[in-house]
Amino acid sequence: MPAPRGKIASSDSLPAELEHRIGGLESGRECGDDFDAVSLCWLLVLGVLMPAGLLLIGWLA
Amino acid sequence: MSAALDESSADKSAWPLLLSERTWGPFRLGVALATAAAATWCYLIGEYTGYYLNFFQGSLALTAGSMIGMLLVLLAAGPTCIRFGIDSVASTKPQFGSTGWMIPALMQFVSIIGWNSLLLIFFAKSLTQLLIVLGWLTPGMGSRFIVPLTTLFACVFVYWVLLRGASGVTRISGFLVLHVFVGLWMLWLLVSHQWPALVAARPALARPDALWNYTTGVEIGISSLLSWWAYIGAMIRMAPNGRTAAVPVMLGMGAPVPLLSMIGIAGVLVLKSSDPSQWLRTVGGPVYAVIALSFVAAANLGTAIAGIYASAVGLRNFRQIEKLPWRVVLLLTLAPVALVGILIPELFFAGFGAFLAFIGVAFAPLCGIQIADYYVVRRRRIDIRAIFDPSPTGQYAFWAGFNPVAIIALAVGCAVYIYLLNPLTYESHGPFRLLTASLPAAFASGLVHAVLTSWFVVPSGRGGYRRA
């Protein structure tokens, strides 16, 4: 099955389907949200605090 | 081409996914990532850690390092991939340029193809051993005929699954994820049977410097997880936002590796073998051996499916490949794996690990560059149109499509890493014992990228950076 691609090139030579996707992203309609405060808290806990705690426990053991 | 067909095949391209196509929730994403993460390399990672640390310290150091490595990868590629629904390779265009992205693309291709060649050869060897244990095959035939044949069979199976694109990954991972629990059962089996010996065991290559040993365990965890950079974009772009992806990535992809690596640590400490398919027969007889071999085969197959998918999506960034049918892209991605597995499995097994060790060195600097660029220099401003604009006047064209600053920063990071720790000999210098090698390499690359960009690229008006 071919990749999605437009049949008609738009003015800046991007395929029409890609142009449609980029247009949606630029308007914000199709854009996903970056990490919010809650997910950053999880990243802090799982990626910084937990490793620091584990390292401390392992070193003191 | 109808709109419906466009949507159904969007996950087989490198183009941005629309929100309606990004349907993986936390559970589905976590399962797919766990299936991708858990493979035979966990035993190798555990084995290397077990050379330097006892079971308790090794498990904790490896877990801590893995979570740190996972965080770096997620902060590097995650935001751009999640916001715009693109893969890891496409996310490097703002840093490396509209042509320079081929450098990370090459790293991804070599890393994934190399690792997956190894995994599929492991798969073939496990299947061969399984047939021998079941009495369906005579010992001795394996390496000459059965390993190439089973490698070919595995490639055909991976191809068949991935004809469905990302939905193939998620369908097969829903079943193959069970092997993670089989792995935990094997760990419990080993720990419960061998606990006194495990507590008393001393690592074979431990050095007199306890801090060096401990830091090496952390470094093994960080550098192992940094290799997930190559995989992560193709998977998390199926999630609609950062909140959906954060915890599944950290727990689904970050946690299974150290957990299953404990099998390798315990195995090498107590039984001098990290491979459960070898020692489980001793512990539990042929039935356990069959379970272990099935586990190893399933684990490697799941990872190979995710890896080949990520690599095929990465290849789609090349204009010539972008237009090819998906089945042809899959064939292009699988062909090197099949050729290696069929023609030179033993030679590859013996020598390619060294090359992959050096490839892995580059992922820490790459992450440092992406993090510094996204959070410090660009302040989270990415132009999605420029990512897909290959013209010489595009914002990310820099100089002839390359950003020399990112390339210099990558080289500096690699040099810092290799100076601090030779990944082949484990000879170390300077502050390795206090800082690891990956973290200073990532920091040095990020710093060089941020400083040189501010000094040279921003004033030149190239790269789409905003002047202060």
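Within every chain, numbering begins at 1; the chains are lettered A, B, ... in the order of the sequence lines, protein sequences first and strands thereafter. Computed from a predicted model, the values in this text were never measured in an experiment.
- Comparing A/Gly23, A/Ala52, A/Gly24, A/Cys31 by heavy-atom pairs within less than 4.5 Å of chain B, the highest count is held by A/Cys31.
- Proximity to chain A is limited to the side chain of B/Phe56, based on heavy atoms less than 4.5 angstrom apart.
- Side-chain contact between A/Phe35 and B/Asn241 is absent, with no heavy atoms from C-beta onward closer than 4.5 Å.
- Residue contact with chain A, scored on non-hydrogen atoms closer than 4.5 Å, is absent for B/Ile387.
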Criterion side-chain contact (heavy atoms from CB on, under 4.5 Å) on A/Ile22 and B/Phe84, from CA distance to verdict: CA-CA 9 Å; A/Ile22 290 174; B/Phe84 302 114; over 6 Å; no
Pair A/Asp34-B/Tyr374, side-chain contact (heavy atoms from CB on, under 4.5 Å): steps then yes or no: CA-CA 12 Å; A/Asp34 200 343; B/Tyr374 183 78; 2.6 Å; yes
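- For B/Ala210, the parts lying near chain A are the backbone and the side chain together; criterion is any non-hydrogen pair under 4.5 Å.
- A 6.0 Å sphere centred on CZ of B/Phe443 holds no more than 12 heavy atoms belonging to other residues, nucleotides or ligands.
- Heavy atoms closer than 4.5 Å to chain A are found nowhere in B/Val329, neither backbone nor side chain.
- Within the 4.5 angstrom heavy-atom criterion, only side-chain atoms of B/Arg380, from C-beta onward, approach chain A.
- With a threshold of 4.5 angstrom between heavy atoms, B/Leu53 does not approach chain A through any atom at all.
- Residues A/Leu18 and B/Pro16 form a side-chain contact, since some pair of their non-hydrogen atoms from C-beta on lies under 4.5 Å apart.
- Contact of the B/Tyr214 side chain with the A/Leu55 side chain is registered, since non-hydrogen atoms from C-beta on lie closer than 4.5 Å.
- Here B/Leu74 is the residue among B/Leu72, B/Leu74, B/Leu17 with the most heavy-atom pairs under 4.5 Å with chain A.
- A heavy-atom distance below 4.5 Å is not found between the side chains of A/Val45 and B/Met250.
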Residues A/Glu26, B/Asp383; criterion side-chain contact (heavy atoms from CB on, under 4.5 Å); working and verdict: CA-CA 8 Å; A/Glu26 285 178 329; B/Asp383 185 337; 4.3 Å; yes
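- Here the CH2-NE2 distance, from B/Trp15 to A/His20, works out to 11.5 Å after rounding to the nearest 0.5 Å.
- In this structure, CG in B/Leu75 is found 8.0 Å from CG in A/Leu40, a value given to the nearest 0.5 Å.
- B/Leu251 is not listed as a side-chain neighbour of A/Trp42, based on a closest heavy-atom distance of 4.5 Å or more.
- No donor-acceptor pair under 3.5 Å is formed between the side chain of A/Glu30 and the backbone N or O of B/Leu18.
- The CG atom of A/Leu46 sits 9.0 Å away from the CG atom of B/Leu71 when rounded to the nearest 0.5 Å.
- Salt-bridge annotation for B/Arg243 and A/Asp33: absent, with no side-chain N of the basic residue lying under 4.0 Å from a carboxylate O of the acidic one.
- Here the straight-line distance linking atom CE of B/Met67 with atom CG of A/Leu49 works out to 11.5 Å at 0.5 Å rounding.
- In this structure, B/Leu60 and A/Ile57 have side chains that are in contact, with non-hydrogen atoms separated by less than 4.5 Å.
- Here the CZ atom belonging to A/Arg21 is positioned 13.0 Å from the CD1 atom belonging to B/Ile86, to the nearest 0.5 angstrom.
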